[in-house]
Amino acid sequence: MTPPKFTTLGCRLNAYETEAMKALAEQAGVKDAVIVNTCAVTNEAVSKARKEIRRLRRENPNAKVIVTGCAAQIDPDSFAAMDEVDAVIGNTEKMAPETWSRLGPDFIGETESVMVNDIMSVTETAGHLIDGFGSRSRAYVQVQNGCDHRCTFCIIPYGRGNSRSVPAGVVVDQIKRLVQQGYNEVVLTGVDLTSWGADLPGTPRLGDLVMRILRLTDVPRLRISSIDSIEADENLMLAIATEPRLMPHLHLSLQHGDDLILKRMKRRHLRDDAIRFTEEARRLRPEITFGADIIAGFPTETDAHFENSLKLVTDCDLTWLHVFPYSARPGTPAAKIPSKVNGTVIKDRAARLRAAGEAQVARHLAAQAGTTHQILMEASDMGRTEQFAEVSFAKPQPVGEIVTATITGYSGTQLTAA
């Protein structure tokens, strides 16, 4: 009998939860199993999950194939109907020890093949905390799950449920343990980070959590994975301005650069809000850089609408782009919008956005020549600056340590240092 194998598709939160499942499966004595943690953010992600399941079944003909994650939560019956699949478990169930006990050595198959409950009924974050998930240099801490918003293109709330927050004291205690274990950087993760605290007593905000972490722990570097800029609160802006241990890099959920498309997406910000936020953050912290999610080809997007998205890349001085060609998800309002954009046009617009992003990256990297950075080493020959740019070293450096180095230039998408 062999230990279970795990495959993770999709976001960083999924990767975090896979680490939790590994521990739960080990405790339950699960053997000869393949677990696929799926993503549902696009149709392509769901298709990729099905292909992965079929591949894993071919490679592991005698193993139990267990499917979980957002795609399994949203459409469990379709995965249960696959000949390759032995069990389907939901996003809440995958974090429960009793689920894995049922999937242990006495797994009886068909009578327990689907364990998926109503994700909208979940009111608490899962009781799992992983001390040390990540590389030897960087750890990830889940502080929030789910989303209360209903953007018209997004299926994720139906996979993750409504927003739930981990209490600040629990987060602080975990980060203290991680620092004691030698981690020099912690990244706060969640589905909708800026909604953190809305369900907690006193309705604290994300900035309150950040300030509390920095006040009560000795973590050398703190990062925020992704935020909705329109929900940035006063204390978060204060932390950006005054706390050098909060890293000067924010990934923004912008999605588009045209007001009409933003309204049709049911976003909560307009184009000028995004520009205003980046200008204010840069005024408070001149060295800050921004990444962003942008969707190309949303239904009804004209050439003029798209040009506003393209121009937003320079108007907000974005550096690291995640470009998503629009993909209609059944069950979302956007899937019902007429005036779909031609697939070839979507592909072309996505390519133009990526090219704009690449130009911004090159511009940022070129400007770093001769500057000195505190670089967190992820490998002996590669680390990251405070702004999350990769740095390649000619000489080996201690993995996990923060080293001071002067940038000599750049090659491709990496800075170089002696």
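Side-chain atoms are counted along with the backbone in the values below, which use heavy atoms only and exclude waters and symmetry mates. Nothing fancy with the numbering, it's 1 onward along the sequence.
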Q: Where is the tightest heavy-atom contact between Ser225 and Leu188, given as atom of each residue plus distance?
A: OG-O, 2.9 Å
Q: Within a reach of under 6.0 Å around CD of Glu307, are more than 12 heavy atoms found that belong to other residues, nucleotides or ligands?
A: yes
Q: Determine whether a donor-acceptor pair (N or O, by modelled atom type, separation under 3.5 Å) exists between the side chain of Asp86 and the backbone of Ile66.
A: no
Q: Would you confirm whether Trp100, through its side chain, and Lys94, through its main-chain N or O, come within 3.5 Å as a donor-acceptor pair?
A: yes
Q: Which label fits Phe298 and Phe153: parallel for a plane angle under 30°, tilted from 30 to 60°, or perpendicular past 60°?
A: perpendicular
Q: If you round to the nearest 0.5 Å, how far is OG1 of Thr413 from NE2 of His364?
A: 11.5 Å
Q: Write down the atom of Leu310, the atom of Ala356, and the distance for their closest heavy-atom approach.
A: CD1-CB, 3.9 Å
Q: Identify whether the distance between the nearest side-chain nitrogen and carboxylate oxygen of Glu17 and Arg160 falls below 4.0 Å.
A: yes
Q: I'd like to check Leu56 versus Thr7 (side-chain heavy atoms, cut-off strictly below 4.5 Å). Are they in contact?
A: yes
Q: Return yes if a side-chain donor-acceptor contact under 3.5 Å exists between Glu231 and Thr194, otherwise no.
A: yes
Q: Do Ile407 and His373 come close enough that some side-chain heavy atom pair is under 4.5 Å?
A: yes
Q: Check Val341 against Thr300 and note the closest heavy-atom contact, atom names and distance.
A: CG2-N, 4.3 Å
Q: NE2 of His269 to CG of Leu252: how many Å apart, nearest 0.5 Å?
A: 9.0 Å
Q: Hey, would you say the His256 and His305 ring centroids sit under 6.0 Å apart?
A: no
Q: Are the side chains of Thr371 and Thr406 in touch, meaning some heavy atoms are under 4.5 Å apart?
A: no
Q: With a 6.0 Å cut-off (strictly less than), is the heavy-atom count around CD of Glu59, excluding the residue itself, greater than 12?
A: yes
Q: Does atom NZ (Lys5) have a neighbourhood of more than 12 heavy atoms from anything else shown, all under 6.0 Å?
A: no
Q: Does Pro167 offer a backbone N or O that forms a donor-acceptor pair with the side chain of Ser165 under 3.5 Å?
A: no
Q: May I ask you to decide if Gly257's main-chain N or O and Lys311's side chain share a donor-acceptor pair within less than 3.5 Å?
A: no
Q: State plainly whether the residues Asp83 and Arg57 are in salt-bridge range, i.e. N to O under 4.0 Å.
A: no
Q: Is the side chain of Ser47 donor-acceptor paired with the backbone N or O of Glu44 at a distance under 3.5 Å, no angle test?
A: no
Q: Side chains of Gln255 and Ser253: do they bring a donor and an acceptor to under 3.5 Å?
A: yes
Q: Hey, are Arg268 and Asp273 close enough for a salt bridge, meaning a charged N less than 4.0 Å from a carboxylate O?
A: no
Q: Kindly indicate, with the supporting measurements, whether the criterion side-chain hydrogen bond (donor to acceptor under 3.5 Å, both in side chains) is fulfilled by Arg50 and Ser78.
A: CA-CA 10 Å; Arg50 296 186 190 282; Ser78 71; 2.9 Å; yes
Q: Does the side chain of Glu234 reach to within under 4.5 Å of the side chain of Arg205, using non-hydrogen atoms?
A: no
Q: What I want to check is whether the side chains of Asp32 and Thr2 have a donor and an acceptor closer together than 3.5 Å.
A: yes
Q: Any side-chain heavy atom of Met377 within less than 4.5 Å of one from Met382?
A: no
Q: Within the structure provided, determine whether Gln144 and Arg164 are in side-chain contact (heavy-atom separation under 4.5 Å).
A: no
Q: Does the Asp259 side chain pair with the main chain of Arg271, one donor and one acceptor, at a distance under 3.5 Å?
A: yes
Q: Is a side-chain N or O of Asp192 found less than 3.5 angstrom from the main chain of Ser163, in a donor-acceptor match?
A: no
Q: Distance check, rounded to the nearest 0.5 Å: Met211 atom CE versus Leu206 atom CG?
A: 12.0 Å
Q: Step by step, work out the side-chain hydrogen bond (donor to acceptor under 3.5 Å, both in side chains) result for Asp317 and Gln360.
A: CA-CA 8 Å; Asp317 197 13; Gln360 288 287 99; 3.0 Å; yes
Q: Could you walk me through whether Arg329 and Asn43 pass side-chain hydrogen bond (donor to acceptor under 3.5 Å, both in side chains), step by step?
A: CA-CA 6 Å; Arg329 293 292 285 113; Asn43 283 336; 3.0 Å; yes
Q: Which distance, rounded to the nearest 0.5 Å, do you find between the OG of Ser309 and the CG of Leu254?
A: 9.0 Å
Q: Is there side-chain contact between Ile213 and Val186, with heavy atoms separated by less than 4.5 Å?
A: no
Q: I'd like to know whether Val88 forms a side chain to side chain contact (heavy atoms under 4.5 Å, CB included) with Asp77, so could you lay out the CA-CA distance, the side-chain angles of the two residues, the decisive distance to 0.1 Å, and finally the verdict.
A: CA-CA 8 Å; Val88 180; Asp77 291 343; over 6 Å; no
Q: Would you say Ser327 and Thr42 are linked by a side-chain donor-acceptor pair, where the criterion is simply a distance under 3.5 Å?
A: no
Q: Counting C-beta onward and ignoring hydrogens, is there a side-chain heavy-atom pair between Val36 and Thr68 closer than 4.5 Å?
A: no
Q: Using distance only, find each side-chain donor-acceptor pair of residues 238-250 under 3.5 Å and give its atom names and separation, not counting sequence neighbours.
A:
unit_1 : atom_1 : unit_2 : atom_2 : d
Thr242 : OG1    : Leu238 : O      : 2.8
Arg245 : NH1    : Thr217 : O      : 3.1
Arg245 : NH1    : Val219 : O      : 2.9
Arg245 : NH2    : Leu214 : O      : 2.2

Q: Could you tell me whether Arg267 and Asp228 have a side-chain N and a carboxylate O separated by less than 4.0 Å?
A: yes
Q: Looking only at heavy atoms, which two atoms of Gly291 and Leu318 are closest? And how far apart?
A: O-CD2, 4.5 Å
Q: Are Glu52 and Arg55 close enough for a salt bridge, meaning some N to O gap below 4.0 Å?
A: yes
Q: Looking only at atom types and distance, does a side-chain atom of Asp293 sit under 3.5 Å from a main-chain N or O of Leu321, one as donor and one as acceptor?
A: no
Q: Among residues at least two apart in sequence or on other chains, which ones pass side-chain contact (heavy atoms from CB on, under 4.5 Å) with Asp348?
A: Arg352
Q: Using every non-hydrogen atom in the two residues, find where Ala418 and Thr408 come nearest and quote the distance to one decimal.
A: N-CG2, 4.0 Å
Q: Just how far is it from atom CD of Glu386 to atom CD of Glu185, taken to the nearest 0.5 Å?
A: 10.0 Å
Q: Are Arg276 and Glu279 close enough for a salt bridge, meaning some N to O gap below 4.0 Å?
A: no
Q: Any Lys/Arg nitrogen of Lys176 or Asp218 sitting under 4.0 Å from an Asp/Glu carboxylate oxygen of the other?
A: no
Q: Tyr158 ring centre to Arg150 NZ or CZ under 6.0 Å, with the angle to the axis within 45°?
A: yes
Q: Identify the heavy atoms of Ile74 and Ala40 that sit nearest to each other, and give their distance.
A: CD1-CB, 3.7 Å
Q: I'd like to know whether Ser392 forms a side-chain hydrogen bond (donor to acceptor under 3.5 Å, both in side chains) with Thr416, so could you lay out the CA-CA distance, the side-chain angles of the two residues, the decisive distance to 0.1 Å, and finally the verdict.
A: CA-CA 5 Å; Ser392 175; Thr416 56; over 6 Å; no
Q: Is a donor on one side and an acceptor on the other found under 3.5 Å between the side chain of Gln397 and the backbone of Lys395?
A: yes
Q: Cation-pi between Arg223 and Tyr140: NZ/CZ under 6.0 Å from ring centre and within 45° of the ring axis?
A: no
Q: Is a donor on one side and an acceptor on the other found under 3.5 Å between the side chain of Asp233 and the backbone of Gly207?
A: yes
Q: Measuring from atom CG of Leu260 to atom CD of Glu301, what distance do you get when rounded to the nearest 0.5 angstrom?
A: 11.0 Å
